[in-house]
Colleague: 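First, the structure itself, so that you have it in front of you.
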Amino acid sequence: MTPQEIVHRWLRLVTADAELSPYLVGVDRVRLAAHLTASVTAALAGEPADAWGGLGLSEEQHRRIGDYLVGVCWAADLPEGRIARVRRAVAR
């Protein structure tokens, strides 16, 4: 699964979450998806990434978004080490 496919599935989960979806109202989702794809690509390479900065999410909401990403990565059968790198990058 490519980073773009991961982000597509990830965004679908976040958008379906009743508590998180209001944060996406008025957000350019194409631009957000491009930013998230770059962040996931960087994280998979072990580089720092800032996936959801600036949206005003609480720590709990940020964790939940990270949990959705981990779920997508697990479903994609990514190796545990890569999933851990992505999780750490999103948790920052």
Side-chain angles (χ1 to χ4, degrees):
M1 183 177 288
T2 67
Q4 187 175 14
E5 292 168 326
I6 289 170
V7 167
H8 175 74
R9 291 180 184 193
W10 185 23
L11 268 176
R12 286 181 60 193
L13 292 171
V14 173
T15 301
D17 187 299
E19 184 181 335
L20 297 173
S21 62
Y23 288 92
L24 299 177
V25 172
V27 171
D28 180 345
R29 292 193 191 180
V30 172
R31 187 172 169 208
L32 177 61
H35 169 72
L36 293 174
T37 299
S39 294
V40 167
T41 300
L44 288 170
E47 300 169 9
D50 176 24
W52 290 88
L55 288 178
L57 299 170
S58 71
E59 186 176 327
E60 179 185 325
Q61 292 166 327
H62 206 92
R63 266 195 313 272
R64 192 157 70 239
I65 284 174
D67 290 344
Y68 285 137
L69 175 59
V70 168
V72 170
C73 291
W74 277 109
D77 251 350
L78 291 180
E80 287 185 39
R82 293 183 86 190
I83 293 172
R85 281 196 303 261
V86 170
R87 176 64 159 161
R88 280 192 302 272
V90 171
R92 293 179 186 162

Colleague: Do you know the tightest heavy-atom contact between L69 and I6?
Modeller: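 Shortest heavy-atom separation between L69 and I6 comes out as CD1-CG2, 3.6 Å.
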Colleague: According to salt bridge (Lys or Arg N to Asp or Glu O under 4.0 Å), does anything in residues 20-41 pair up with another residue at least two apart or in another chain? List the pairs.
Modeller: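 Listed once each, the pairs would be none.
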Colleague: Could you tell me whether a side-chain N or O of W10 sits under 3.5 Å from a main-chain N or O of C73, the two making a donor and an acceptor?
Modeller: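 No, the answer is negative, given that no donor and acceptor are paired below the 3.5 Å cut-off.
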Colleague: Under the salt bridge (charged side-chain N to carboxylate O under 4.0 Å, His left out) test, which residues partner E5, sequence neighbours left out?
Modeller: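 Partners of E5 by the salt bridge (charged side-chain N to carboxylate O under 4.0 Å, His left out) criterion come out as none, since no residue qualifies.
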Colleague: For the CG atom of L11 and the CG atom of L20, what is their distance to the nearest 0.5 Å?
Modeller: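 So the CG of L11 and the CG of L20 are separated by 11.0 Å.
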Colleague: Do you know which two heavy atoms are closest between A43 and R85, and how far apart they sit?
Modeller: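 Here A43 and R85 meet closest at O-CB, 3.5 Å.
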Colleague: Applying salt bridge (Lys or Arg N to Asp or Glu O under 4.0 Å), which residue pairs with at least one partner in residues 8-21 are found, sequence neighbours left out?
Modeller: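 Non-adjacent pairs meeting salt bridge (Lys or Arg N to Asp or Glu O under 4.0 Å): D17-R64, E19-R64.
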Colleague: Can you give me the closest heavy-atom contact between S21 and T15, atom names plus distance?
Modeller: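 In this case the closest contact between S21 and T15 is CB-O, 3.2 Å.
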Colleague: For E59, enumerate each residue passing the salt bridge (charged side-chain N to carboxylate O under 4.0 Å, His left out) test, keeping only those at least two apart in sequence or located in another chain.
Modeller: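 If we apply the salt bridge (charged side-chain N to carboxylate O under 4.0 Å, His left out) test to E59, skipping adjacent residues, the hits are R63.
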Colleague: How long is the straight-line distance from CG of L57 back to CD1 of I65, given to the nearest 0.5 Å?
Modeller: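 These two atoms lie 4.5 Å from each other.
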Colleague: Y23, V30: one ILVMFWY side-chain cluster at the under-4.5 Å cut-off?
Modeller: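 Y23 does not cluster with V30.
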Colleague: For R82, enumerate each residue passing the salt bridge (charged side-chain N to carboxylate O under 4.0 Å, His left out) test, keeping only those at least two apart in sequence or located in another chain.
Modeller: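 Partners of R82 by the salt bridge (charged side-chain N to carboxylate O under 4.0 Å, His left out) criterion come out as none, since no residue qualifies.
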Colleague: Show me the pairs that pass salt bridge (Lys or Arg N to Asp or Glu O under 4.0 Å) and involve residues 67-78, at least two apart or across chains.
Modeller: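 Pairs touching residues 67-78 that pass the test: D67-R87.
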Colleague: Minimum heavy-atom separation for L78 to I83, with atom names?
Modeller: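 Shortest heavy-atom contact: O-CD1, 3.3 Å.
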